[in-house]
Amino acid sequence: MSAANRGTEAGAEDTAAPPPAPGTGDTTPAPEDSEDRGRGILKSIVTGSSLVAILAVVLSIVLGGILIALTDEDVAAAASYFFTRPTDTLVAAWEAASSAYVALFQGAVFNPRADSLALMFRPLTETFTVATPLILAGLGVAVAFRAGLFNIGAQGQIILGAMFAGWIGFSWHLPFGLHLVFVVLAGFVGGALWGFIPGILKARTGAHEVIVTIMLNYIAIYLVGYLLTTPSFQNPGSANPISPRLDETALFPQILGPQFRLHLGFLVAIAATYGVWWLLNRSTVGFELRAVGANPFAARTAGISVTKGYVVVMMLAGGLAGLAGVAQVAGTEQVLTSGIAASFGFDAITVALLGRSHPWGVFFAGVLFGAFRAGGVQMQTLTGTPIDIVLVVQSLIVLFIAAPPLVKAIFRIDRKEKPSRKNQKATTSGGAA
């Protein structure tokens, strides 16, 4: 059984096999071995078992705790007399790791030491705020994955979306409601245009989308840096590369009031997640995109335009990443800066991998990574644990997600499930009969 078929079985309703090729008269050339192997590896990583993803997170957290213990001063002091009193080292290691993760939880989900009940749940709202651009950009990466394309350009697409949305936000002066609609549409269009470039190059010339999107990331970074030094984008009277503040009518309203940063962009992320799920699983376009991702040669034989599929999916992926830029410029930052995208575009790749390219999986993976980011500051403040440990945990998640056999070997998960005694007995009885 091929890697694509295994991914299809694991994906259940979210994946569908392309239509079969009609007969032996088909003259479609066979794919190159290297390209076929690369596509198979990508599918096995993207559409693997959800259990492996969960175990990868657990394993990464455990290894992160070990790293915290190894770098803790109290653990180092207790280790100096380990052979005399080994329990002291173990207790110190447990306290270092557990206190760091407790602080991470308090900074990301619930803080019982806050003065009021609302403030106790404020960390959760921070997690949702940080998760919003991760979810939207992760959906953009996941959609491309499902069509067999590796979109590394979410970083640049976020920047273009923020540029378009930011310019509409501070240069146009429209009524409330209408202004925000134009800002959101501009952000989607900006990201879609930046996704159109690698899509059309892939479709027309066969240029590899990874190389093209990486180069476009650098172009976007330097482009926004240049524009922020021009009179059209730079804040008047400021020597810093920063835009004017967006009009109040162009900002996402805060859902829970001014004491919380959670804004309407989070609801947009939920709506986008549902929309992508519906598109992939309930629409003809989604079926065609999945068919192209499963086997472009069979899809072409069945009459599906692979060229059109590449362009459409990259524009959709770019548009979703552009919405992440809107969430940043019109929700969290409220101004356009050269660092508006932070590292969300690259983290979105990890989010899409962890979510197995399923829309709701990407949503929950984005919330998890948002919790890591939001709680990392609290962890460093209360325990002195470097916030870089969060990056280590995220990197370990990528490592284990990309190597499912390693996770299965560590947890002793057999690839082929052994039949239960009941099934064995039924099979034996049926054979005897």
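Side chains are part of it too, since the values below use all heavy atoms of this structure and drop only hydrogens, waters and symmetry mates.
At a threshold of 4.5 Å between non-hydrogen side-chain atoms, the residues Val52 and Arg356 count as touching. A 4.5 Å side-chain heavy-atom check between Val377 and Ile387 finds at least one atom pair inside the cut-off. Residues Arg113 and Gln106 are in side-chain contact: their nearest non-hydrogen atoms beyond the backbone lie under 4.5 Å apart. Inter-residue side-chain proximity for Ile158 and Pro133 is flagged as unmet; no heavy-atom pair is nearer than 4.5 Å. Put simply, the side chain of Met163 reaches to within 4.5 Å of the side chain of Leu223, judged on heavy atoms. Using a 4.5 Å heavy-atom threshold, the side chains of Gln254 and Phe260 count as separate. Between Val335 and Ser243 there is a side-chain heavy-atom pair separated by less than 4.5 Å. Between Thr273 and Trp277 the shortest side-chain heavy-atom distance does not fall below 4.5 Å.
With a 6.0 Å radius and a threshold of 12 heavy atoms from other residues, nucleotides or ligands, Trp94 has its CH2 atom at or below the threshold. Heavy-atom neighbours of Phe411 CZ from other residues, nucleotides or ligands within 6.0 Å: above the threshold of 12. The number of heavy atoms from other shown groups lying within 6.0 Å of CZ (Phe182) does not exceed 12.
Atom CG of Leu67 sits about 4.0 Å away from atom CD1 of Ile389, to the nearest 0.5 Å. Taking CG of Leu201 as the reference point, atom OG1 of Thr205 lies at 5.0 Å (rounded to 0.5 Å). Atoms CD1 and CD1, from Ile200 and Ile197 in turn, are 11.0 Å apart once rounded to the nearest 0.5 Å.
Of all heavy-atom pairs spanning Pro359 and Leu280, the tightest one is CG-CD1, 4.2 Å. Scanning all heavy atoms of the two residues, the minimum distance from Ala103 to Met379 falls at CB-CA, 3.8 Å. Residues Leu136 and Ala327 share a closest heavy-atom pair of CD1-CB, 4.4 Å. Residues Gly156 and Ala220 share a closest heavy-atom pair of CA-CB, 3.6 Å. Nearest heavy atom pair, residue Thr125 against residue Leu262, reads O-CD1, 4.0 Å. The two atoms that bring Thr213 and Phe150 nearest to each other are OG1-O, 4.4 Å, heavy atoms only.
Pairs passing the ring-ring contact (aromatic ring centres under 6.0 Å, His included) check and including a residue from residues 118-144, sequence neighbours excluded, read Phe110-Phe121, Phe128-Phe266. Counting only residues at least two apart or in different chains, ring-ring contact (aromatic ring centres under 6.0 Å, His included) contacts with residues 368-399 comprise Phe369-Phe372.
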*asked:* Pair Phe145, Leu353 - check side-chain contact (heavy atoms from CB on, under 4.5 Å), show working.
replied: CA-CA 9 Å; Phe145 278 166; Leu353 290 173; 3.8 Å; yes
_Let's go through Phe252 and Thr332 carefully: what are the C-alpha distance in whole Å and the side-chain angles of both, what is the deciding distance for side-chain contact (heavy atoms from CB on, under 4.5 Å) to 0.1 Å, and is it a yes or a no?_
CA-CA 9 Å; Phe252 279 128; Thr332 306; over 6 Å; no
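Under the 3.5 Å distance criterion, the side-chain polar atoms of His358 are left unmatched by any main-chain donor or acceptor of Ala142. Gln234 places a side-chain N or O within donor-acceptor distance of the main-chain N or O of Asn240, the cut-off being under 3.5 Å.
Ring-plane geometry between Tyr222 and Tyr218 is classed as parallel, the angle between the planes falling under 30 degrees on a 0 to 90 degree scale with a further cut at 60.
Shown here are the side-chain hydrogen bond (donor to acceptor under 3.5 Å, both in side chains) partners of Ser343, two or more places apart in sequence or in another chain: Asp347, Arg373.
Of the options Leu323, Leu193, Val326, a side-chain contact (heavy atoms from CB on, under 4.5 Å) to Phe188 is made by Leu323 and by none of the others. Residue Val362 forms a side-chain contact (heavy atoms from CB on, under 4.5 Å) with just one option from Val143, Val276, Val141, Leu139, and that option is Leu139.
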